[in-house]
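Just so it is clear, the values below take in all heavy atoms, side chains as well, and ignore hydrogens, waters and symmetry mates.
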Amino acid sequence: MAFDYLADPHHRADWQSSLARVEDVDGEPRVGQTWTDVTKPGLRPRMETTELDRPRRWTERGTWRRITATLTLEFRPTPTGCDVVADFAINPLLRLPALWAVRGDLRHAASRLQP
């Protein structure tokens, strides 16, 4: 359940705090799927799923101007569901604040998935 929720761009604005909405979603989640994140400050990175190994691992790459970021989520089974571990690659000056934001967004997503 967590994998399908987090890997589907249609749900992104529900749990990602920086997003106003998602546009131009190209079909269902799969390697090569593309979409545009429309952030609250108005940035519009172009996104692409680069890895999808359901239910274990999902990776996206986002590009805005000359900045490229990659987010990988690993889903590790637990007795009650799964833990989600994030790995984030971006320009070193932006890495720490971006990682804090990703962790906060994943906590918010987990609260939305609670019964």
Side-chain angles (χ1 to χ4, degrees):
M1 180 173 174
F3 183 95
D4 292 331
Y5 180 72
L6 293 171
D8 187 343
H10 292 100
H11 300 292
R12 295 295 286 271
D14 294 341
W15 61 268
Q16 189 172 342
S17 61
S18 64
L19 287 186
R21 65 187 177 282
V22 173
E23 295 179 347
D24 309 320
V25 178
D26 173 31
E28 296 299 313
R30 68 186 188 295
V31 172
Q33 180 187 35
T34 59
W35 67 96
T36 303
D37 279 351
V38 180
T39 67
K40 291 177 181 174
L43 308 177
R44 300 173 63 92
R46 190 68 181 152
M47 310 299 294
E48 179 182 3
T49 299
T50 58
E51 179 181 14
L52 193 146
D53 180 17
R54 184 179 280 116
R56 291 175 286 284
R57 187 175 165 102
W58 173 84
T59 302
E60 70 176 13
R61 179 180 55 236
T63 304
W64 179 75
R65 298 191 180 188
R66 287 186 269 177
I67 298 171
T68 298
T70 302
L71 172 66
T72 297
L73 300 180
E74 289 191 16
F75 299 79
R76 298 179 182 166
T78 68
T80 59
C82 70
D83 285 334
V84 180
V85 178
D87 184 34
F88 192 71
I90 194 169
N91 173 311
L93 293 176
L94 301 174
R95 181 172 167 69
L96 192 56
L99 193 53
W100 288 336
V102 168
R103 287 181 179 156
D105 288 341
L106 290 175
R107 282 191 299 275
H108 182 70
S111 72
R112 295 185 62 82
L113 290 170
Q114 294 294 322

Asker: Give the minimum heavy-atom separation between Val22 and Ala13, together with the two atoms involved.
Answerer: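 It is CG2-N, 4.5 Å.
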Asker: I'd like to check Gln33 versus Val25 (side-chain heavy atoms, cut-off strictly below 4.5 Å). Are they in contact?
Answerer: yes
Asker: Using the side chain to side chain contact (heavy atoms under 4.5 Å, CB included) definition, which of the options Thr36, Val38, Asp37 pairs with Arg21?
Answerer: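 The option that passes is Val38.
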Asker: Find the distance between CZ (Phe3) and CG (Asp53) and round it off to the nearest 0.5 Å.
Answerer: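 Interatomic distance, Phe3 CZ to Asp53 CG, rounded to 0.5 Å: 7.0 Å.
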Asker: Could you pull out the closest heavy-atom pair between Asp14 and Arg112, with the gap in Å?
Answerer: O-CD, 3.4 Å
Asker: Of all the heavy-atom pairs spanning Met47 and Gly62, show the shortest one and how long it is.
Answerer: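 For Met47 and Gly62, the tightest heavy-atom pair comes out as SD-CA, 3.5 Å.
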Asker: How many angstroms lie between atom OG1 of Thr72 and atom CZ of Arg61, to the nearest 0.5 angstrom?
Answerer: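 Here the interatomic distance stands at 11.0 Å.
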Asker: Using the rule given for side chain to side chain contact (heavy atoms under 4.5 Å, CB included), can you reason through Arg46 versus Thr34, listing the C-alpha separation, both sets of side-chain angles and the distance that settles it, and then say yes or no?
Answerer: CA-CA 7 Å; Arg46 190 68 181 152; Thr34 59; 3.0 Å; yes
Asker: I need the minimum non-hydrogen distance between Pro55 and Phe75, along with the two atoms involved.
Answerer: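 So the two residues come closest at O-CB, 3.2 Å.
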Asker: How close do Trp35 and Glu60 get, counting heavy atoms only, and between which atoms?
Answerer: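 Nearest heavy atoms, Trp35 then Glu60: CZ2-OE1, 3.3 Å.
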Asker: If you measure from CG on Asp105 to OG on Ser18, what distance do you get to the nearest 0.5 Å?
Answerer: 6.0 Å
Asker: Just verifying a value: how many Å separate Arg76 CZ and Arg57 CZ, rounded to the nearest 0.5 Å?
Answerer: 9.5 Å
Asker: Closer than 3.5 angstrom, by distance alone: can the side chain of His11 be matched with the main-chain N or O of Asp4 as a donor-acceptor pair?
Answerer: no
Asker: Any chain of hydrophobic side-chain contacts (each under 4.5 Å) joining Val85 to Leu71?
Answerer: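 No, it is not one cluster - the side chains of Val85 and Leu71 are not joined through contacts under 4.5 Å.
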Asker: Looking only at non-hydrogen atoms, find the nearest pair between Gly32 and Asp26 and report the distance.
Answerer: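 Result for this residue pair: O-OD2, 4.1 Å.
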Asker: So how far is it from Met1 CE to Leu6 CG, rounded to the nearest 0.5 Å?
Answerer: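 If we round to the nearest 0.5 Å, Met1:CE and Leu6:CG are 10.0 Å apart.
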Asker: Run the side chain to side chain contact (heavy atoms under 4.5 Å, CB included) check on Thr39 and Trp64 step by step: do they pass?
Answerer: CA-CA 11 Å; Thr39 67; Trp64 179 75; over 6 Å; no
Asker: Would you list the atom pairs, donor with acceptor, under 3.5 Å between side chains in residues 77-84 and any protein atom, with sequence neighbours excluded?
Answerer:
from  : atom 1 : to    : atom 2 : distance (Å)
Thr78 : OG1    : Thr80 : N      : 3.4
Thr78 : OG1    : Gly81 : N      : 3.1
Thr78 : OG1    : Cys82 : N      : 3.3

Asker: Walk me through it: do Asp87 and Glu74 pass the test side chain to side chain contact (heavy atoms under 4.5 Å, CB included)?
Answerer: CA-CA 8 Å; Asp87 184 34; Glu74 289 191 16; over 6 Å; no
Asker: Side chain to side chain contact (heavy atoms under 4.5 Å, CB included) for Tyr5 and Leu113? Distances and angles first, verdict last.
Answerer: CA-CA 9 Å; Tyr5 180 72; Leu113 290 170; 3.9 Å; yes
Asker: If you group Ile, Leu, Val, Met, Phe, Trp and Tyr by side-chain heavy-atom gaps below 4.5 Å, do Val31 and Trp58 land in one group?
Answerer: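 Yes, one cluster joins them.
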